[in-house]
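Each remark here refers to the structure printed beneath this line.
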Amino acid sequence: MQAIILAAGMGRRLGEYTKDNTKCMVPVNGVPLIDRLMEQLAKQPLRRIIIVVGYKGKKLREYIDTKYSSNLEPGIEFAENPVYDKTNNIYSLALVKDKLQEDDTLLIESDLIFSDRLIPMIVDNPQPNLALVAKYESWMDGTMVTIDDEQNIVNFISKEAFDYAYADSYYKTVNIYKFSREFLQTKYVPFLDAYTKAVGLNEYYENVLRVISLLNNHDMKALPIGSEKWYEIDDKQDLDIAEAIFADEKDVLRKYYGRYGGFWRFPQMLDFCYLVNPYFPSQRLKDELRANFDTLLTEYPSGMKVNTLIASKCFGVSEHHIVPGNGAAELIKILMEESQGRVGLIRPTFEEYPNRYDKSLQVTFVPQNEDYRYTADDLMTFFDSKDIAQLMLINPDNPSGNFIVKDDVLRLAQWCEERNIRLVVDESFVDFSEGYATNSLLNDETLEAYPHMAVMKSISKSFGVPGLRLGILASADEELIARIKKEVSIWNLNSFAEFFMQIYNKHEKDYQRACAKFVAERADFEQQLKTIPFLRVMPSQANYFLCEVLPPYKASEIVVRMLKRHNILTRDCSLKPGLNPQRQYMRIAVRNHEDNTRLVEALKGNILLH
């Protein structure tokens, strides 16, 4: 068997990364793509490796000759595509059509990064003509195939023929193929000659396979790769994602945590890190958004005046008391920049607030107990002797899940009123608490009774719509609200967020049912987590649990194993300010029952690994 590597392309979409190098020389986590591929091929019983070069071909040849020619058992040969800038990969393959017919062949494109298991998977399979394929996902581009129940490839779908209505039935070619010598001699090369003569050289070699598949001879089989990792690197974003997927253990968490979301680009990964409602929005609400997609995409959103009116209607708060934001993060930034004097904080907490304020002006309360529980009385006792102008309360708190009931929050609010202290209550997680229907502070009566209080709410969390980027701040301090409105841009909300607020009240009963379902699921998940012997699960009224990881286990060790072995992302909280630095902690989000059970089973698997 021989291997043919197509490496002639220019890789223009990679910009500066391919200014002086061909695409396969681009490093992923410090290792050039060609090095990974050559090392993977070196483990196979190959007679030779043929590399078709083009752009920066001389530099690539010199690199491979220097590094591999003397210490790689298969012989290395080169073919050159001198018109790489005017042709596509069909011409690169046509250049070696004579060599194609001399042996069974692995055909591999050089812009791939993939698991070490893929080459043995295709080589060891008894089928003579085989294409590795992966179930279609949103990041994939290029040639798709459809297959029948016997894994025969029945059609190759070009970019032009791609139909999103049938996307669930598509598989993406991984661009690793195995062909028998007989197939190459009797089918592929003759059709390659005819196709290039009829259509030209600025085409793709898959088009020849498509023509052959239309003859209904079932010459080509598909081999789905399942959950095996791979990525095709065409542009800078592809490179960034590939570096996260193939990061080694010491860097993998930094690569993922540093993205701050966007995990839909990793569709097979279960995200137990970011915090949303698993049971809302309802299908009916999503259908209504979808039905208005074209209009919302192509029309301008309203300005602040109209969006304030809609937010007022949606959340039942006076227009003069509420300001909508492009996520709570926008409002937090403005609020903290607007703040003056010393600010009281409770740690551990959501770090967006302290990160936005002068550290020298922060007064911090840390609960002195193992579960990081605290009450309104604890806060009043601690801050009574502190000269603070503002007190920040995340309720339920993040990551501890500590919750102060509404009556006690109002006692704290009254205490702050008497001392001219602004109380900021972030109730982004309050709808996950028991008694959620009456726990919110978002109503005019409450706000007007405590004008020194401001209430922040991230709509992303409890409403399950983080992609909309929507948050609100409410207060009877109308001067505060007016100042913040002046600081946000006139179009700070997109049309989808505006429309969500417009239609939400029609779906409010579905939301209440979703919250009730969540509270029941959280209770069940807590019991499941408590079966893991190396976790001490702390009580929570939010949509996550703070868990102490018990010796001899370490949080980073568990989190990395969960990601690398099970494709499940959790949060290592061990270095979070306010947590005991001598102990190890994880924060685990609550998802739906199926996902939660999968996580628990994966955690149980870690017991056997230690």
Side-chain angles (χ1 to χ4, degrees), residues 249-250 252-254 256-257 270-275 345-351 354 364-375 378-379 382 393-404 429 432-434 461 519 521-566 568-591 595-610:
E249 292 197 356
K250 72 178 187 301
V252 66
L253 295 183
R254 178 177 62 84
Y256 276 90
Y257 290 167
L270 271 184
D271 174 17
F272 277 85
C273 185
Y274 280 78
L275 310 168
L345 297 166
I346 305 153
R347 276 192 162 128
T349 195
F350 179 48
E351 288 297 315
T364 303
F365 167 76
V366 178
Q368 300 301 303
N369 57 76
E370 287 190 338
D371 288 350
Y372 302 98
R373 304 297 100 178
Y374 58 88
T375 65
D378 292 333
L379 299 180
F382 180 83
L393 172 65
I394 318 296
N395 194 47
D397 213 339
N398 179 6
S400 69
N402 184 77
F403 181 59
I404 300 176
F429 302 104
F432 297 117
S433 62
E434 295 176 6
K461 311 294 191 301
V519 169
E521 177 57 34
R522 179 181 59 210
D524 180 84
F525 189 35
E526 181 176 10
Q527 295 308 309
Q528 288 196 69
L529 286 175
K530 286 182 176 179
T531 67
I532 307 300
F534 56 82
L535 293 182
R536 185 175 67 82
V537 184
M538 300 175 206
S540 176
Q541 287 290 298
N543 65 331
Y544 46 82
F545 288 99
L546 180 64
C547 302
E548 182 182 355
V549 179
L550 303 175
Y553 294 85
K554 293 183 178 179
S556 59
E557 170 186 87
I558 297 299
V559 169
V560 168
R561 280 182 180 171
M562 293 290 285
L563 181 57
K564 299 291 279 187
R565 294 174 183 267
H566 304 284
I568 296 174
L569 183 66
T570 51
R571 172 68 71 175
D572 177 3
C573 289
S574 302
L575 299 179
K576 196 172 184 70
L579 291 174
N580 187 336
Q582 305 304 315
R583 299 188 178 187
Q584 296 280 302
Y585 299 93
M586 291 172 61
R587 189 193 67 195
I588 301 174
V590 182
R591 292 174 61 100
D595 291 347
N596 294 338
T597 301
R598 177 177 158 188
L599 174 120
V600 170
E601 292 302 314
L603 286 169
K604 288 179 178 177
N606 280 285
I607 300 170
L608 304 175
L609 294 172
H610 204 277

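No hydrogens, no waters, no symmetry mates; every other heavy atom, side chains included, goes into these values.
Checked against ring pair (Phe, Tyr, Trp, His ring centres under 6.0 Å), F525 has no partners two or more places apart in sequence or in another chain. Judged as a ring pair (Phe, Tyr, Trp, His ring centres under 6.0 Å), and not counting sequence neighbours, F545 has no contacts. When the ring pair (Phe, Tyr, Trp, His ring centres under 6.0 Å) test is applied to Y544, the partners found at least two apart in sequence or on another chain are F429. Taking the side chain to side chain donor-acceptor pair (under 3.5 Å) definition, one finds that S540 meets it with nothing, sequence neighbours left out. Under the rule for a ring pair (Phe, Tyr, Trp, His ring centres under 6.0 Å), the partners of Y372 that lie at least two apart in sequence or sit in another chain are Y585.
Side-chain contact check for D371 versus P539: some heavy-atom pair is nearer than 4.5 Å. The closest side-chain heavy-atom distance from V549 to K554 is not below 4.5 Å.
Sorted pairs that involve residues 568-579 and meet salt bridge (Lys or Arg N to Asp or Glu O under 4.0 Å), not counting sequence neighbours, are lacking altogether.
Between K530 and E526 there is a salt bridge, since a side-chain N of the basic residue sits under 4.0 Å from a carboxylate O of the acidic one.
Nearest approach of A555 to Q584, heavy atoms of both residues: N-OE1, 2.8 Å. Contact record, V519 with S433: CG2-O, 4.1 Å, taken as the closest heavy-atom pair.
Between the side chains of Q528 and N596, no donor-acceptor pair of N or O atoms lies under 3.5 Å.
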